[in-house]
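Remarks on the structure that follows.
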2 protein chains.
Amino acid sequence: MKRNTWQREAVREALGQTEGFVSAQGLHSALHTSGSPIGLATVYRALGDLAGAGDADSLQSPEGESLYRACSTDAHHHHLICRNCGLTVEIEADAVETWAKTVAAKNGFTQAAHVVDVFGLCASCTQAATVHVVGPQQ
Amino acid sequence: MKRNTWQREAVREALGQTEGFVSAQGLHSALHTSGSPIGLATVYRALGDLAGAGDADSLQSPEGESLYRACSTDAHHHHLICRNCGLTVEIEADAVETWAKTVAAKNGFTQAAHVVDVFGLCASCTQAATVHVVGPQQ
DNA sequence: TCTCTATTGATAATGATTGTCAAAAGCAAT
DNA sequence: ATTGCTTTTGACAATCATTATCAATAGAGA
């Protein structure tokens, strides 16, 4: 049976108060800073449970870290993430949803899940980096 | 200056002969099995270079490993991957390309890159798994 | 061939994540 | 409130992929 501990509540709450995505490590140190003596392993476990229960989104950062975010809605959505400052914008992608389903079905695939995330430089970071030389295609 | 070594060729070739995606570790052991005494670090380096030069695709598996695959074409494309048997189908996604650019631009983002991959169960794995009972909650 | 320097590779280092297991705390019944 | 059974916790060790180190090796042009 699932037991109710303050640790799990703490993680759920900390996650809810976070803008954008956090790593387990990040959440743990945030909690520590707030005075919570919660253990690192516990944070990992709680986040895993949350994600498994569908109460949290998880995605892999380009560096291979697992990032988590509280699911605000039941609705499925994706993210536009600034690779410099971490700013995250939620984006709706009905078109992509349909496309993913269609493509999967057309190839005989079932139970299709998809990973759709856009990384870029947000407006302010772009401005700050104007000196940057842009490469050709891609 | 970039030098031409048999190691790099070996990696390029091994990658080219591989169906679907491989991890660096996987490619390294494949090479070893084939009798090549190439070092692991070198495989990592070569794969990184290939990916950087646009000669290889790379993506993160759900487990957080980096997977690589030889790029058959210059064209940018995405993948439909069977999460059971690893079967990979290349998919074109002009619609998605445009969508990604549009969404990024609409939010002031520049230099948009995107991660778009669809995971699912391929036809045969679906059939093989029909017996599967979906357990309620853990 | 010779020299200069990029590359290699064995291994150590790193860093995130998971496993371990005794101690602590939930929850239900008493 | 107390007892008893189990889940959960947490400090730490263990894993695992990846990266850094650095002396030795081997391209490539002179």
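Residue numbers start from 1 in every chain, and the chains themselves are labelled A, B, ... in the order their sequence lines are given, proteins ahead of strands. Everything numeric in this text was worked out from a predicted model, so none of it was measured.
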**OP:** Mind jotting down which residue pairs meet the salt bridge (Lys or Arg N to Asp or Glu O under 4.0 Å) criterion with at least one end in residues 22-37 of chain B? Sequence neighbours excluded, please.
**Re:** none
Original post:
Sequence neighbours excluded, which residues qualify as side chain to side chain donor-acceptor pair (under 3.5 Å) partners of B:Arg12?
Top reply: B:Asp55
Subject >> Closest approach of A:Ala104 to B:Leu80 (non-hydrogen atoms, all atoms of both residues) >> reply: CA-CD2, 4.0 Å
Original post:
Apart from A:Leu50 itself, what residues make up its hydrophobic cluster when side-chain heavy atoms of I, L, V, M, F, W and Y under 4.5 Å apart count as a link, directly or indirectly?
Top reply: none
Subject >> Length of the CD1-C1' vector between B:Ile38 and C:dA10, whole Å >> reply: 14 Å
**OP:** Report the end-to-end axis angle of the helix from C:dT1-D:dA30 to C:dT30-D:dA1; each axis comes from five terminal pairs, and the value is rounded to 10°.
**Re:** 30°
**OP:** Considering only heavy atoms of chain B and a distance under 4.0 Å, specify the first and last nucleotide of DNA chain D in 5' to 3' order that meet this criterion.
**Re:** D:dA17 to D:dA28
Original post:
Say you draw a straight line from CG of A:Leu15 to CG of A:Leu31; how long is it, rounded to the nearest 0.5 Å?
Top reply: 9.5 Å
**OP:** For each nucleotide in nucleotides 15-22 of chain C, reading 5' to 3', give B when a protein heavy atom comes within less than 4.0 Å of its base, S when such contact involves only the sugar-phosphate, and - otherwise.
**Re:** -SBBBB--
**OP:** Quick one: closest heavy-atom pair of A:Ala70 and A:Gly16, and the distance?
**Re:** CB-CA, 4.0 Å
Original post:
Are the side chains of B:Gln7 and B:Val43 in touch, meaning some heavy atoms are under 4.5 Å apart?
Top reply: no
Subject >> Atom of B:Arg8, atom of B:Ala46 and distance for their closest heavy-atom approach >> reply: CG-CB, 4.2 Å
**OP:** Only pairs at least two apart or in different chains count here, so list each salt bridge (Lys or Arg N to Asp or Glu O under 4.0 Å) that has a residue in residues 32-48 of chain A.
**Re:** none
Side-chain donor-acceptor pairs of residues 20-29 of chain A under 3.5 Å, sequence neighbours excluded:
from: A:Ser23; atom 1: OG; to: A:Gly26; atom 2: N; distance (Å): 2.9
from: A:Gln25; atom 1: NE2; to: A:Tyr44; atom 2: OH; distance (Å): 2.9
from: A:His28; atom 1: NE2; to: A:Ile38; atom 2: O; distance (Å): 3.1
from: A:His28; atom 1: NE2; to: A:Leu40; atom 2: N; distance (Å): 3.4
from: A:Ser29; atom 1: OG; to: A:Gln25; atom 2: O; distance (Å): 3.4
from: A:Ser29; atom 1: OG; to: A:Gly26; atom 2: O; distance (Å): 3.1

Using nucleotides 26-30 of chain C, report all nitrogen or oxygen pairs with the protein that are shorter than 3.5 Å.
from: C:dG26; atom 1: N2; to: A:Arg3; atom 2: NH2; distance (Å): 2.9
from: C:dG26; atom 1: N3; to: A:Arg3; atom 2: NH1; distance (Å): 3.2
from: C:dC27; atom 1: OP1; to: A:Asn4; atom 2: N; distance (Å): 3.0

Original post:
Taking CD from B:Gln7 and P from C:dA6, how many angstroms apart are they, rounded to a whole number?
Top reply: 17 Å
**OP:** Please name all residues satisfying side chain to side chain donor-acceptor pair (under 3.5 Å) with A:Glu13, sequence neighbours left out, ordered by chain then number.
**Re:** A:Gln17
**OP:** Would you check, one step at a time, whether the test side-chain contact (heavy atoms from CB on, under 4.5 Å) holds for B:Lys106 with B:Thr102?
**Re:** CA-CA 6 Å; B:Lys106 205 183 303 177; B:Thr102 309; 4.2 Å; yes
